[in-house]
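Data first, discussion second: the structure below is written as C-alpha cells.
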Amino acid sequence: MLTLPNESKVAVMARLAGVLLAFVRLALGEPSGTPPQPREVVKGISYGPMPCKEPCWVSQDDFFSQSAKPMWGARGRGDLEVIRQLGANAVRLYGNNPENTHRDFLDEAEELGLRVIPGLSDYDFIQSPENCLTTDFNCYAQVKKSYRELLQKGFLREGRYHPALRELIVINEPDLKLPGMHAPVSFCRGILSAVDAMLDAEKSMNLTGPGINFTVAFSFGVCSTCGNYTSSPALGQMTMLRAAFRNASLVGYVPKNNLTKFYDERFHNSFNTANPAFHLQEMFLSKYEKEFPHTPVMIQEYHNPHGDVEKDLRDVLQMAQGSKLLNGVNFFEFHVRYDKGGSEMDFGMFQLGDFAVQDFDYFGDSFKAWCLVPAKSKAGEVLPTALMAAYGGKELDFAELCLPDPRKVTLTAQGYRSIAEQRRPEKMQIFVERLVTHMGGKVSDAAALRTFAQSFDRRSIATVNASSPGPGQLRPFSALVAELRRHPSWAGWSESTASCIADRRSHEPAVGSAVGDACRHLEIIQCHEVPSECKSNIWGVADYVFGVYYAQHGGKSPLEHCYFNGSARLGDGEALAETKSACVVPPTWRPKRRLQSDHGDMGFEAQPLELLEEEEEAAWLLVPALLAGVAATGTMGALMSWCRSAEPPEPLASPISEKPITIQVIPVASHQSLSSMVSVSSTDLLAQTE
C-alpha cells in the first residue's frame with residue numbers, strides 16, 4: 001500500500017471535497033465556480049393608499065387594480081417608483097376584487113424590480129352575505145371561486161405564477177376577526193379550508209412551475225387558549241395552526257389535499273407588530289427559532305410610532321441578516337389613512353398635499369391623486385428620510401413630488417402652462433420632446449432641442465411677431481404646436497404610417513371614457529360593430545375605435561385625433577406588441593363599401609385610400625349610365641303601354657318588380673344617416689326626359 005505524507009493526504013482530501021462540492025452545485029443547477037448567493041432580505045412597504053384626505057368610503061379597496069393606476073402608475077403619481085427610490089424591494093398589499101385584473105400592477109412592479117406580497121380580501125371571510133361566519137368557518141367554497149378568478153386575472157402568466165409575486169397572505173390577523181383570539185379552533189379551520197380551496201383552484205387552472213409560498217399574518221397578541229406559549233405573542237397562534245395542518249381533524253376539517261405536505265414545503269409564518277426592535281429578539285425570535293427550526297417567518301407590518309424609526313428599522317434588518325429564518329420586514333405604511341382617523345393616522349410615511357397630480361374615476365367615484373408630502377414622527381423624525389437611510393435608498397427631492405411633472409402632464413395648453421410657469425428649462429425640454437414623439441418625430445439634436453425649448457420656457461421681454469407674446473407673458477401652446485408642425489431640422493420627421501392605438505400607460509376608466517367620446521363622433525362605423533375578437537377587454541375595443549377615428553380624419557394630426565387626453569398614441573413596435581393585429585386599424589383604412597340596388601350588390605373591399613378613391617370615382621361615373629339605362633327602359637315601357645291604349649302612361653315601376661327603382665351607395669357598416677343615397681323613381685325619370 002502506498003503511504004502518503006500527512007500533507008499530501010490533506011491535499012487529496014481537499015481536492016475530493018472540492019470535486020464533491022462541484023457535483024452538488026451542478027446537481028442544484030448552480031455554476032460550479034460560483035459561490036452560493038446571499039439570501040435577499042425583504043425591505044418592503046405596506047401599501048393601501050385610500051385616495052381621500054378625510055373620512056370617506058369606497059366601493060372596493062382594490063388598490064392594485066387598473067382603477068387605482070393614477071396613484072401607483074408611472075403616468076400618475078408614480079407610487080411604485082417612489083417605493084423603489086426609497087430603497088424598498090417589495091410592496092405588501094391588502095384587499096382586492098377578483099373580478100378586476102391585476103396584471104398591469106404586477107408587470108410594472110416586475111419592471112421596477114419590486115416583489116409583490118398581495119393578500120386575499122376580507123370579503124369572503126367576514127363581509128359577503130355568504131361569508132365564512134355563515135358556514136361555520138369553512139371557507140372552501142367562497143375562497144376557491146375567488147382565488148381561481150385572481151389566478152385568471154393576472155396572478156398567472158402563461159400558466160405559471162407571475163414572477164413579481166413573492167408570497168401570498170391568505171388572511172390578515174385572523175386571530176382578531178375569525179372570530180377572535182378566544183376561538184383558535186375556528187380561525188384555524190377557516191385558514192385550512194381557505195388554503196385547501198386555493199390549492200384546488202391552482203389545479204383547476206393547470207398551474208405549471210413552482211407554487212408561491214402562502215402565509216398568514218397573525219397579530220402580535222397573546223393567545224391564552226392556544227395550548228403552548230400562552231404568554232408569548234403570536235407563537236401560540238402559530239403552534240396551533242401547525243398542529244391543525246398536520247392533523248386537520250383537531251379543528252373539525254376534512255381536507256381534499258395533503259395539507260401536511262403543503263405546510264412543510266410552501267408555508268411561512270408571519271406577524272404584525274408595532275413593538276420596538278429590542279423587544280423582538282427576546283419576546284419572539286429566540287423562541288421561534290427553537291420551535292420552528294425549518295419554517296421561515298416574516299414581519300408583514302412594522303412601525304413603532306413612538307420610537308426612533310431609522311434605528312428600529314436598521315436593528316430589525318440586522319436581526320434578519322443574522323437569522324436563517326427571519327425573511328425581512330414591511331414598513332407600515334405608505335401614506336396616512338385619513339379615513340380611519342385617530343391613532344391609525346400615526347402610521348403613514350407620507351401625508352397628502354394640496355396639488356392634485358391627476359383627477360380619476362375609482363369604481364364610479366371621483367377622486368384626486370393628491371401629491372405626497374413627507375410626514376414626521378412624534379419625535380420630529382422625517383419618516384421617508386428615516387426609511388430611506390435604513391433601506392439604502394437614494395436621495396429624493398420631496399418638493400418635486402408636489403410640482404407638475406413634464407413626463408406626466410397632459411400634452412395640452414394646461415399641461416404646457418404648468419411646466420412653463422416653473423421656469424425650469426430642463427423640464428420644458430422633456431415636455432417638448434414628449435410632444436415631438438407624439439406628433440411622430442424623433443429628436444436627433446439634443447442641443448438644438450434645448451435651445452428651442454428655452455424659447456418657450458422663459459417669459460419674453462419684447463414682442464417679436466404675432467406669435468410672440470408681449471413683455472412678461474408666456475408664448476402660447478398653439479405657437480409651440482405650430483412650430484413643431486413645420487418639422488424643425490433638429491428632429492427626424494417621416495411620413496408616419498403608424499396606427500392610432502390605446503396608450504397602455506393610461507388606465508381603464510379613462511380609456512373607456514375616451515372610447516365613448518370617440519364613438520359619438522365616428523362617421524363611418526358604429527361602435528357596436530367593433531370586431532368580436534377585439535371585445536375581450538377595453539384595450540382591444542379602444543385600439544379599434546381610436547384607429548377608425550384617426551383614419552376617419554385622414555391619419556393625420558395625431559395631437560388632435562390620436563390623443564384623447566392621454567388615452568391614445570401612435571403605435572410603434574414596442575406598443576404594438578401588446579395589441580391584437582385584428583384590432584389595429586391602418587391610418588389609410590376605409591370600411592367595406594358596396595354599390596347596392598334592389599336586385600344586386602357590387603362589393604368594394606377594404607383597401608388603401610388611394611385605390612378606394614379611384615374606385616369610388618369610377619362608381620360615381622357609372623351612376624349616370626345606370627340611370628340612363630333605367631330611363632330608357634322606363635320610356636320604352638311607357639311607349640308600348642301607350643301604343644296599346646290611349647290612356648296616358650302611368651308612373652313606371654321596375655320592369656321586374658312593383659317596387660320603385662332605388663340605387664344606393666352606402667358603407668356596409670355605416671349609420672343610415674351618414675349614407676350617401678341616390679333614389680330615383682320612374683316618375684322623376686320621365687319628368688327629366690320630357
**Asked** Are Val216 and Phe187 close enough, and set up right, to give a side chain to side chain contact (heavy atoms under 4.5 Å, CB included), and what steps lead you there?
**Response** CA-CA 11 Å; Val216 171; Phe187 67 66; over 6 Å; no
**Request:** Before giving the answer on salt bridge (charged side-chain N to carboxylate O under 4.0 Å, His left out), spell out for Asp124 and Lys145 the whole-Å C-alpha distance, their side-chain angles and the decisive distance to 0.1 Å.
**Result:** CA-CA 10 Å; Asp124 289 328; Lys145 178 179 182 295; over 6 Å; no
Within a 6.0 Å radius of atom [atom1] on [X], are there more than 12 heavy atoms belonging to other residues, nucleotides or ligands?
X      : atom1 : result
Lys203 : NZ    : yes
Lys535 : NZ    : yes
Glu111 : CD    : no
Glu400 : CD    : yes
Glu99  : CD    : no

[atom1] of [X] to [atom2] of [Y]: how many Å apart, nearest 0.5 Å?
X      : Y      : atom1 : atom2 : answer
Lys144 : Arg148 : NZ    : CZ    : 8.0 Å
Ile45  : Leu86  : CD1   : CG    : 5.0 Å
Met349 : Glu333 : CE    : CD    : 9.5 Å
Asn97  : Asp61  : CG    : CG    : 9.0 Å
Gln237 : Asp175 : CD    : CG    : 4.5 Å
Arg77  : Phe355 : CZ    : CZ    : 11.5 Å

Is [X] reaching over with its side chain to a backbone N or O of [Y], donor-acceptor style, under 3.5 angstrom?
X      : Y      : answer
Arg115 : Ala90  : no
Arg337 : Gly348 : no
Glu108 : Ala74  : yes
Asp196 : Ser193 : no
His303 : Phe332 : yes
Ser232 : Leu235 : no
Thr215 : His268 : yes
Asn89  : Lys43  : yes
Asn272 : Phe220 : no
Lys153 : His102 : no

**Message:** Under the salt bridge (charged side-chain N to carboxylate O under 4.0 Å, His left out) test against Asp107, which residue among Lys69, Arg157, Arg504 passes?
**Reply:**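 With Asp107 as partner, Lys69, Arg157, Arg504 yield a single salt bridge (charged side-chain N to carboxylate O under 4.0 Å, His left out), made by Arg157.
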Please examine the side chains of [Y] and [X], heavy atoms only from C-beta on, and report whether any two atoms are closer than 4.5 Å.
X      : Y      : result
Cys52  : Trp57  : no
Leu352 : Val336 : no
Met71  : Pro51  : yes
Met238 : Tyr288 : yes
Asn330 : Tyr302 : no
Phe398 : Leu372 : no

**Message:** Could you work out, with salt bridge (Lys or Arg N to Asp or Glu O under 4.0 Å) as the rule, every residue matching Glu202, not counting sequence neighbours?
**Reply:**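 With neighbours one apart ignored, the set is Arg266.
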**Fill in**
salt bridge (Lys or Arg N to Asp or Glu O under 4.0 Å) filter on Lys290, not counting sequence neighbours, yields none
Is it the case that the side chains of [Y] and [X] hold a donor-acceptor pair, with the cut-off being a distance below 3.5 Å and no angle test?
X      : Y      : value
Asp200 : Tyr140 : yes
Asn269 : Thr295 : no
Gln300 : Glu167 : yes

Minimum heavy-atom distance [X]-[Y], with the two atoms named:
X      : Y      : result
Trp370 : Gly353 : CE3-O, 3.4 Å
Tyr229 : Gly236 : CB-N, 3.8 Å
Glu110 : Pro163 : OE2-CG, 3.3 Å
Leu401 : Cys371 : O-CB, 3.2 Å

**Result of checking Trp72, Tyr94, Tyr362 against Phe63 for ring-ring contact (aromatic ring centres under 6.0 Å, His included)** =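 Checked Trp72, Tyr94, Tyr362 against Phe63; only one passes ring-ring contact (aromatic ring centres under 6.0 Å, His included): Tyr362.
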**Criterion side chain to side chain contact (heavy atoms under 4.5 Å, CB included) on Val143 and Val195, from CA distance to verdict** = CA-CA 8 Å; Val143 172; Val195 168; over 6 Å; no
**Prompt:** Relative to the ring of Tyr47, is the ring of Phe334 parallel (under 30°), tilted (30 to 60°) or perpendicular (over 60°)?
**Reply:**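 Perpendicular.
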**Mutual orientation of the aromatic rings belonging to Phe262 and Phe245 [parallel < 30°, tilted 30-60°, perpendicular > 60°]** =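 The rings of Phe262 and Phe245 sit tilted, inter-plane angle from 30° to 60°.
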**Prompt:** Under the side chain to side chain contact (heavy atoms under 4.5 Å, CB included) criterion, do His507 and Gln358 qualify, and how do the steps go?
**Reply:** CA-CA 12 Å; His507 67 295; Gln358 193 171 331; 3.7 Å; yes
**Request:** Take His162 and Phe155 through the ring pair (Phe, Tyr, Trp, His ring centres under 6.0 Å) test and state the conclusion after the steps.
**Result:** CA-CA 6 Å; His162 194 290; Phe155 280 23; 9.1 Å; no
**Cation-pi geometry met for Lys177 and Phe125 (6.0 Å, 45°)** =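 Ring-cation test returns no.
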**Summary of salt bridge (charged side-chain N to carboxylate O under 4.0 Å, His left out) pairs that have at least one residue in residues 342-354, sequence neighbours excluded** =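 Of all non-adjacent pairs touching residues 342-354, those that pass salt bridge (charged side-chain N to carboxylate O under 4.0 Å, His left out) are Lys53-Asp354, Lys340-Glu344, Asp346-Lys378.
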**Message:** Let's go through Phe363 and Val58 carefully: what are the C-alpha distance in whole Å and the side-chain angles of both, what is the deciding distance for side chain to side chain contact (heavy atoms under 4.5 Å, CB included) to 0.1 Å, and is it a yes or a no?
**Reply:** CA-CA 8 Å; Phe363 299 111; Val58 293; over 6 Å; no
Side-chain atoms of residues 277-284: list all donor-acceptor pairs with protein atoms under 3.5 Å, sequence neighbours left out, distances to 0.1 Å.
{"from": "His279", "atom 1": "ND1", "to": "Asn275", "atom 2": "ND2", "distance (Å)": "3.2"}
{"from": "Gln281", "atom 1": "NE2", "to": "Ser286", "atom 2": "OG", "distance (Å)": "3.0"}

Without placing hydrogens or testing angles, list every side-chain donor-acceptor pair under 3.5 Å for residues 381-395, not counting sequence neighbours.
{"from": "Glu381", "atom 1": "OE1", "to": "Val309", "atom 2": "N", "distance (Å)": "2.9"}
{"from": "Glu381", "atom 1": "OE2", "to": "Glu310", "atom 2": "N", "distance (Å)": "3.2"}
{"from": "Tyr391", "atom 1": "OH", "to": "Gly44", "atom 2": "O", "distance (Å)": "2.8"}

**Request:** List for me each residue that meets side-chain contact (heavy atoms from CB on, under 4.5 Å) alongside Arg242, sequence neighbours excluded, and say none if there are none.
**Result:** Thr239, Arg246, Tyr263, Glu291, Phe292
